[in-house]
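Computed from a predicted structure; not experimentally measured. Hydrogens, waters and symmetry mates are skipped; everything else that's a heavy atom, side chains included, is used.
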Amino acid sequence: MPRVYFPTGQWHLSGYEENDINLSANIRGTLVFTKQSDTVYRWSSNFVFMNDWGNMVNYQYQGTTSFNSNAYEISFLNSTDPNISAQRSIPLELKLENGGQLHMKYWYDDSKILLHWLKSN
């Protein structure tokens with residue numbers, strides 16, 4: 001079995017793109033990973049979005065990241081966001097880059113999501 005990397009602890013959002021559009025200025029977020037097993041980690045996140053009218057909206061998301069069949073997957077299990085439904089086993093690109101920045105890329109419905117995170121101290 002190849003060596004598998006899973007992030008642990010708390011991270012803060014440093015970049016957010018949706019369908020190749022950089023929306024980083026309109027969103028803040030935190031993410032916490034907790035080990036469930038050697039191949040599954042639970043995660044929970046909190047995001048604060050600013051819409052086009054300057055209103056702030058806060059959503060929480062929970063799920064898992066896992067490594068199966070030589071590939072990462074992400075699952076969304078719960079959310080306070082009314083536009084998100086439970087999704088399991090979405091292919092996930094997960095890696096460390098640029099001196100420790102966490103890179104996560106996946107497709108949710110018809111949107112390509114790219115997130116970058118920095119480890120919180």
To check you understand the geometry: which heavy-atom pair defines the closest contact between [X] and [Y], and what is its length?
X      : Y      : result
Arg28  : Leu13  : C-CD2, 4.3 Å
Thr65  : Ile74  : CG2-CG1, 4.2 Å
Trp117 : Met104 : NE1-SD, 3.5 Å
Ser111 : Glu18  : OG-OE2, 3.7 Å
Thr80  : Asn58  : OG1-O, 4.3 Å

For this session: Quick one: sort the Tyr61 and Tyr59 rings into parallel, tilted or perpendicular, breaks at 30° and 60°.
Result: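 Judged by the thresholds at 30° and 60°, the geometry between Tyr61 and Tyr59 is perpendicular.
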For this session: Name the orientation class of the two ring planes belonging to Phe6 and Tyr41 (parallel below 30°, tilted from 30 to 60°, perpendicular beyond 60°).
Result: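 Phe6 vs Tyr41 ring planes: parallel.
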For this session: Might you work through the side-chain contact (heavy atoms from CB on, under 4.5 Å) test for Asn19 and Trp107, ending with a clear yes or no?
Result: CA-CA 9 Å; Asn19 296 324; Trp107 284 86; 4.3 Å; yes
Tell me, do [X] and [Y] make a side-chain contact under 4.5 Å, heavy atoms counted?
X      : Y      : value
Tyr72  : Thr39  : no
Trp43  : Leu77  : no
Val40  : Ser66  : yes
Ile113 : Lys105 : no
Thr30  : Gln10  : yes

Exercise. Are Phe76 and Tyr106 close enough, and set up right, to give a ring-ring contact (aromatic ring centres under 6.0 Å, His included), and what steps lead you there?
Worked result: CA-CA 12 Å; Phe76 293 84; Tyr106 57 89; 5.6 Å; yes
For this session: Each residue besides Met56 in its hydrophobic cluster should be listed here, by chain and number; the cluster joins Ile, Leu, Val, Met, Phe, Trp and Tyr at side-chain heavy-atom distances under 4.5 Å.
Result: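 For the cluster that includes Met56, the remaining residues are Val48, Met50.
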Would a hydrophobic clustering, with Ile, Leu, Val, Met, Phe, Trp and Tyr connected at side-chain separations under 4.5 Å, put [X] with [Y]?
X      : Y      : result
Leu114 : Leu31  : no
Leu96  : Leu118 : no
Tyr108 : Val57  : yes

Problem set entry | Asn98 side chain vs Gln101 backbone, donor-acceptor pair below 3.5 Å |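 Judged by distance alone, no pair lies under 3.5 Å.
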For this session: Apply side-chain contact (heavy atoms from CB on, under 4.5 Å) to the pair Ser44 and Gln60, showing each step before the final yes or no.
Result: CA-CA 7 Å; Ser44 62; Gln60 290 82 41; over 6 Å; no
Exercise. Are side-chain N/O atoms of Glu17 and His116 paired as donor and acceptor at under 3.5 Å?
Worked result: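 Glu17 vs His116: no donor-acceptor pair found between side chains.
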Exercise. Taking atom types as modelled, is there a side-chain donor on Asn22 or Ser24 under 3.5 Å from an acceptor on the other?
Worked result: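 A pair is found: one side chain offers a donor N or O, the other an acceptor, under 3.5 Å apart.
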Got a list of side-chain donor-acceptor pairs under 3.5 Å for residues 82-95, not counting sequence neighbours?
{"residue": "Ser85", "atom": "OG", "partner": "Gln87", "partner atom": "NE2", "Å": "3.4"}
{"residue": "Glu93", "atom": "OE2", "partner": "His103", "partner atom": "NE2", "Å": "2.5"}

For this session: Starting at NZ of Lys35, measure out to OG1 of Thr8 and round the result to the nearest 0.5 Å.
Result: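 Answer for the NZ-OG1 pair, Lys35 versus Thr8, is 10.0 Å.
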